[in-house]
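Chain A is the first sequence line, chain B the second, and so forth, proteins listed ahead of strands; every chain is numbered from 1. The figures that follow rest on heavy atoms only: side chains count, while hydrogens, waters and symmetry mates do not.
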Protein chains: 2
Amino acid sequence: MLSPTGGTPRTPTRVLVVDDEPQIVRALVINLKARKYEVDAAADGRSALDLAASRHPDVVVLDLGLPDMDGVEVIRGLRGWTRVPILVLSARHSSDEKVEALDAGADDYVTKPFGMDELLARLRAAVRRAEPTGGGEDDVTVETDAFTVDLVAKKVHRAGRDVRLTPTEWHLLEVLVRNTGRLVSQKQLLQEVWGPSYGTETNYLRVYMAQLRRKLEADPSHPRHFVTEPGMGYRFEK
Amino acid sequence: MLSPTGGTPRTPTRVLVVDDEPQIVRALVINLKARKYEVDAAADGRSALDLAASRHPDVVVLDLGLPDMDGVEVIRGLRGWTRVPILVLSARHSSDEKVEALDAGADDYVTKPFGMDELLARLRAAVRRAEPTGGGEDDVTVETDAFTVDLVAKKVHRAGRDVRLTPTEWHLLEVLVRNTGRLVSQKQLLQEVWGPSYGTETNYLRVYMAQLRRKLEADPSHPRHFVTEPGMGYRFEK
DNA sequence: CCGACGCGTCAGGGTTGCGTCAAGGACGTC
DNA sequence: GACGTCCTTGACGCAACCCTGACGCGTCGG
């Protein structure tokens, strides 16, 4: 798994690393960059808070032993305005320290020396958790002049009314809309909607493309949004 | 701080404890109840999944060494239909075990023997994190022209009278209302209401949707609020 | 000029999925 | 121990959907 999010390649995950020991920072930065994270680094609390404000990281890895201020203060400073996941790194094993940091708003607490694999796994967990609220929009809608497609609610709106689509029609529309502007080959469409063994049943496509156009296009016989590329495939255009 | 949420006293936080060692379960239950948590306990994976489905805990404390199934399988079973925070307890310190559990969807990993204070702090952190999606809804009541649903009071009002709903009816209504306007797939409904292993028993849905419509729709045979999307699922519309 | 090919359109038939009803059984209450 | 409520399960009719084949049209190449 190369992409840190594990899913479809989106905008890279941004990590803010805060530690005053250069060798730790270096190790973290190297490992994170190798896994396609975008990394900022700070060596003290002041610059950590500044960087967090200016760069809006998706997750913060924070060492508690900083030269200029108490690590817990950094947590509070962050929690004053953001819910970004905070993963605390600390050499102190005492239970009180952990409780204090966690109750101040940290999301996780790892003691030094730490295993890089474990740290990365905890980091993935923290990012994954924050994904729906932090990064993903709720309403993924695509609009054209004729109709509106809401991919989350699975709704199509047209001329003030909801359009009823059958499961197959919707599935086909979904694949096309997720590739707005791009050509999608017949084979790809067939295999995504009907299954891997249906790569050549092009007549299915003809029938269902016609139904989509009849339900959605202003002039179904002269489609403007569901474009045929003869011999190749279909394309959805806004 | 007595209240586990630390903030305004709301409905108590429900914890599901999963462990096959009675003394651990006892220690956890005592400590959690003393802090005003509501606690369910399971000794194996099967009953853990069932309890999670029926009781909808706000957080799960899960021991990986269970008699009937691999702990990671329990995590996957839960993640198939819920994002409830999972705090893993384990006697195994190996890095691989941790990574596997975390990547399967666990939120935190604590090795035995553990400090109770630390565990409780990690539990608070997990619950706090999940709060916005789990508990902080703005719309507590949803109104239609025919009836009113109060999600907090768990009451349905219609034509000046309270409507009696069975637990299952209410549960189903709740899932639909929380997704007002959005299509909810049959599988998701079944797994949320009946449990992870009921993803294909579509006849349950048919029976209970009919009952909901009979009790709430003005004209049950022509539903306006509980819409069927054939082959896909159901949708609640204001 | 003619045939081949790809695409759009239409209509019929098999199959699936949904709504409805009713009966059996588990559970808790009195 | 009797009663009532609720959940489960099966059967049946009906509507909707998916597949299939046939036909017409346009384009391209021989």
Side-chain angles (χ1 to χ4, degrees), chain A residues 154 156 162-174 176 183-187 189-195 197-235, chain B residues 50 53-55 154 156 162-176 183-187 189-195 197-236:
Chain A
K154 288 216 164 44
V156 181
D162 286 345
V163 182
R164 276 187 64 84
L165 295 185
T166 72
T168 310
E169 286 163 5
W170 176 261
H171 203 159
L172 182 59
L173 175 64
E174 202 172 2
L176 288 167
L183 172 72
V184 188
S185 75
Q186 316 189 42
K187 191 174 172 186
L189 280 170
L190 285 164
Q191 295 192 335
E192 282 244 21
V193 177
W194 280 270
S197 58
Y198 288 76
T200 59
E201 308 280 339
T202 59
N203 43 327
Y204 291 10
L205 278 183
R206 295 208 292 279
V207 172
Y208 277 89
M209 286 302 303
Q211 294 187 1
L212 273 185
R213 298 206 252 239
R214 195 175 319 131
K215 289 187 178 180
L216 299 181
E217 291 273 4
D219 181 0
S221 54
H222 299 94
R224 295 185 40 227
H225 303 104
F226 298 97
V227 186
T228 305
E229 302 282 356
M232 308 180 64
Y234 294 87
R235 180 201 311 277
Chain B
D50 287 345
S54 60
R55 302 276 294 164
K154 291 211 194 291
V156 181
D162 282 349
V163 183
R164 259 190 73 78
L165 295 185
T166 73
T168 308
E169 285 164 6
W170 174 260
H171 204 156
L172 181 59
L173 175 65
E174 198 173 6
V175 176
L176 287 168
L183 173 73
V184 188
S185 75
Q186 320 186 58
K187 191 174 170 187
L189 281 171
L190 285 164
Q191 295 193 333
E192 285 244 16
V193 177
W194 280 271
S197 56
Y198 289 75
T200 59
E201 307 281 336
T202 59
N203 43 327
Y204 290 11
L205 278 182
R206 294 209 294 278
V207 172
Y208 276 87
M209 286 303 303
Q211 293 185 2
L212 274 185
R213 298 207 252 238
R214 197 173 316 131
K215 290 187 178 180
L216 299 180
E217 290 273 4
D219 180 0
S221 55
H222 299 94
R224 295 185 41 228
H225 302 104
F226 298 96
V227 186
T228 304
E229 301 282 357
M232 307 176 69
Y234 293 87
R235 182 200 308 279
F236 171 74

Worksheet item: Is any side-chain N or O of A:Y204 closer than 4.0 Å to OP1 or OP2 of D:dC18?
Response: no
Discussion item. Can you see if the side chain of B:W194 gets near the phosphate of D:dT8 - specifically, an N or O under 4.0 Å from OP1 or OP2?
Written reply: yes
Item to complete: Round to the nearest Å and state the distance from A:L205 atom CG to C:dG6 atom C1'.
Response: 13 Å
Worksheet item: Is the count of non-hydrogen atoms from other residues, nucleotides or ligands lying under 6.0 Å from A:K187 atom NZ greater than 12?
Response: no
Discussion item. Here's a test for you: under side-chain contact (heavy atoms from CB on, under 4.5 Å), which of B:L173, B:T168, B:V175 qualifies with B:H171?
Written reply: B:V175
Item to complete: Mind listing the closest non-hydrogen atom pair of A:E169 and A:Q211 along with its distance?
Response: OE2-OE1, 2.6 Å
Worksheet item: Is the shortest side-chain N/O distance from B:T168 to OP1 or OP2 of D:dC7 below 4.0 Å?
Response: yes
Worksheet item: Can you check the B:Q211 CD to D:dT5 C1' distance for me, whole Å?
Response: 12 Å
Fill in: A:E201 CD to D:dT20 P, straight-line distance once rounded to whole Å
7 Å
Response to the item:
Between CG of A:L212 and P of C:dG8 the distance, given in whole Å, is 12 Å
Practice prompt. Please determine which of B:R235, B:R213, B:R206 meets the side-chain hydrogen bond (donor to acceptor under 3.5 Å, both in side chains) test together with B:T228.
Written response: B:R213
Response to the item:
In whole angstroms, the gap separating C1' of C:dC10 from OH of A:Y208 amounts to 14 Å
Discussion item. Does C:dG8 have OP1 or OP2 under 4.0 Å away from a side-chain N or O of A:R213?
Written reply: yes
Worksheet item: How many Å lie between CD on B:E217 and C1' on C:dG19, as a whole number?
Response: 14 Å
Item to complete: Please tell me which of the listed nucleotides, D:dC6, C:dC21, C:dC18, lies nearest to the side chain of B:R206?
Response: C:dC18
Worksheet item: Should A:T202 be listed as having a side-chain N or O under 4.0 Å from OP1 or OP2 of C:dG6?
Response: no
Practice prompt. Looking at every strand, decide which applies to B:R214 at a 4.0 Å heavy-atom threshold: base, sugar-phosphate, or nothing.
Written response: nothing
Worksheet item: Relative to each other, are the rings of B:W194 and B:Y208 parallel, tilted or perpendicular (30° and 60° limits)?
Response: perpendicular
Worksheet item: Whole Å only: how far is the CG atom of A:N203 from the C1' atom of C:dA11?
Response: 15 Å
Practice prompt. Round to a whole Å and report the spacing from NE2 of B:H222 to P of C:dC18.
Written response: 18 Å
Discussion item. For a quick test of reading the model: is some side-chain N or O of A:Y234 closer than 4.0 Å to OP1 or OP2 of C:dG8?
Written reply: yes
Worksheet item: When you check the phosphate oxygens OP1 and OP2 of D:dT5, does a side-chain N or O of B:T166 lie under 4.0 Å from one of them?
Response: no
Practice prompt. Might you point out which heavy atoms bring B:E217 and B:H225 nearest each other, and give the distance in Å?
Written response: OE2-N, 2.8 Å
Discussion item. Under 4.0 Å, counting only non-hydrogen atoms across every strand here, what does A:Q186 touch: a base, just sugar-phosphate, or nothing?
Written reply: sugar-phosphate
Discussion item. So if I take every side-chain heavy atom of B:P167 and compare against D:dC6, C:dG8, D:dC17, which nucleotide ends up nearest?
Written reply: D:dC6
Fill in: Closest-nucleotide 5' rank along DNA chain D - winner of B:P230 and B:V207
B:V207
Worksheet item: Among D:dT20, C:dG8, D:dT8, which nucleotide sits nearest the side chain of A:T228?
Response: C:dG8
